[in-house]
Amino acid sequence: ENSFFQLGRVLLVSLISTFGTAQTAANAVANNIDNFGVIPGQALGLALITVVGQCVGAGDWDQVRAYTKRLGKLTYLCTWGLNAALLLGLPLILRLYSLTPETQWYAAVLIFIHNGCAMLFWPLAFTMPNALRAAGDVRVPMVISITSMLVVRVGGSYLLGLHFGLGAIGVKVANMATHLGMEVLGYDPYISVAGAPLNTRTRSHSGARFLYQRPSAYCMPRLTAVMAAQQHKPIRMGLPPVLTSLIRSVLSPMAAMAM
């Protein structure tokens with residue numbers, strides 16, 4: 001997964017280098033500032049792996065659900081606070097780089113696109129999947145990540161950047177669409193115990209039992225089904241249903257082809 005992600009970054013850097021020196025320099029500055037905005041999400045993502053892994057090992061699924069929500073909310077709070085400060089202080093930050101007016105304009109636009117969208121999508125797209133990995137699920141996040149990167153990020157960058165002539169701005173928009181694709185494909189807002197088996201592939205285990213009945217299952221719907229059973233109600237996560245259904249109708253066939 002990380003190898004494909006880095007490969008995508010190399011392809012996009014080579015693409016942006018064809019847009020001229022102003023956009024290339026602006027993209028480099030934007031990447032430096034963008035990385036600051038996601039530091040809380042990266043740190044809390046590592047913490048989420050440890051906390052959820054401990055709860056899974058203890059078999060306490062109420063705590064899995066509670067700590068996942070708690071750390072998810074904390075991630076959003078920290079991400080909003082830090083990115084708001086970065087955006088408010090952006091004119092002063094860009095002065096440190098001694099950029100030309102054109103390069104400074106491109107850098108400001110790219111940073112606003114990335115950091116603004118990160119406040120909405122980044123925690124669900126990158127932090128929350130760590131809870132699935134900690135519970136024994138690596139296949140679903142990996143397939144979703146690779147599919148979104150190859151189809152949306154790389155394909156969308158060439159489409160928006162080259163075909164529509166948006167340049168580095170089109171590449172950044174495609175990058176944010178990747179985060180949105182990972183979120184929409186990765187989280188069903190209405191997963192219930194009854195519907196979870198329909199979204200999973202049955203795999204045999206000891207005693208020929210379905211793995212969605214076991215807490216350490218391979219697939220996210222099985223994990224959410226177990227947690228939903230503790231509360232006797234569906235789990236509600238992700239984007240509003242209307243927006244989720246609209247984007248899922250476009251992206252789900254792509255994920256099915258990759259699997």
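One-based numbering along the sequence shown.
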Colleague: Quick check for you: to the nearest 0.5 Å, what is the distance between Met128 atom CE and Leu71 atom CG?
Modeller: 9.0 Å
Colleague: Between Thr18 (side chain) and Leu15 (backbone), is there a donor-acceptor pair under 3.5 Å?
Modeller: yes
Colleague: Distance check, rounded to the nearest 0.5 Å: Trp80 atom CH2 versus Met119 atom CE?
Modeller: 4.0 Å
Colleague: Look up atom CD1 in Ile93 and atom CG in Leu88, then write down how far apart they are to the nearest 0.5 Å.
Modeller: 10.0 Å
Colleague: So, for Gln23 and Tyr106, which heavy atoms are closest and what is the spacing to 0.1 Å?
Modeller: NE2-OH, 3.5 Å
Colleague: Could you tell me whether Lys172 and Asp34 have a side-chain N and a carboxylate O separated by less than 4.0 Å?
Modeller: yes
Colleague: Count the heavy atoms belonging to other residues, nucleotides or ligands that lie under 6.0 Å from OH of Tyr158, then report whether that count exceeds 12.
Modeller: yes
Colleague: Step through the shown structure and confirm whether more than 12 heavy atoms of other residues, nucleotides or ligands are within 6.0 Å of OH on Tyr97.
Modeller: yes
Colleague: Is the closest side-chain heavy-atom distance between Gln63 and Val51 below 4.5 Å?
Modeller: no
Colleague: More than 12 heavy atoms of other residues, nucleotides or ligands under 6.0 Å from CZ of Arg9: yes or no?
Modeller: no
Colleague: With a 4.5 Å cut-off on side-chain heavy-atom distances among I, L, V, M, F, W and Y, is there a chain of contacts connecting Val64 to Leu46?
Modeller: no
Colleague: With a cut-off of 6.0 Å (strictly less than), are more than 12 heavy atoms of other residues, nucleotides or ligands near CD of Gln54?
Modeller: no
Colleague: For Ser14, does its backbone N or O pair with a side-chain atom of Ser17 as donor and acceptor, under 3.5 Å?
Modeller: yes
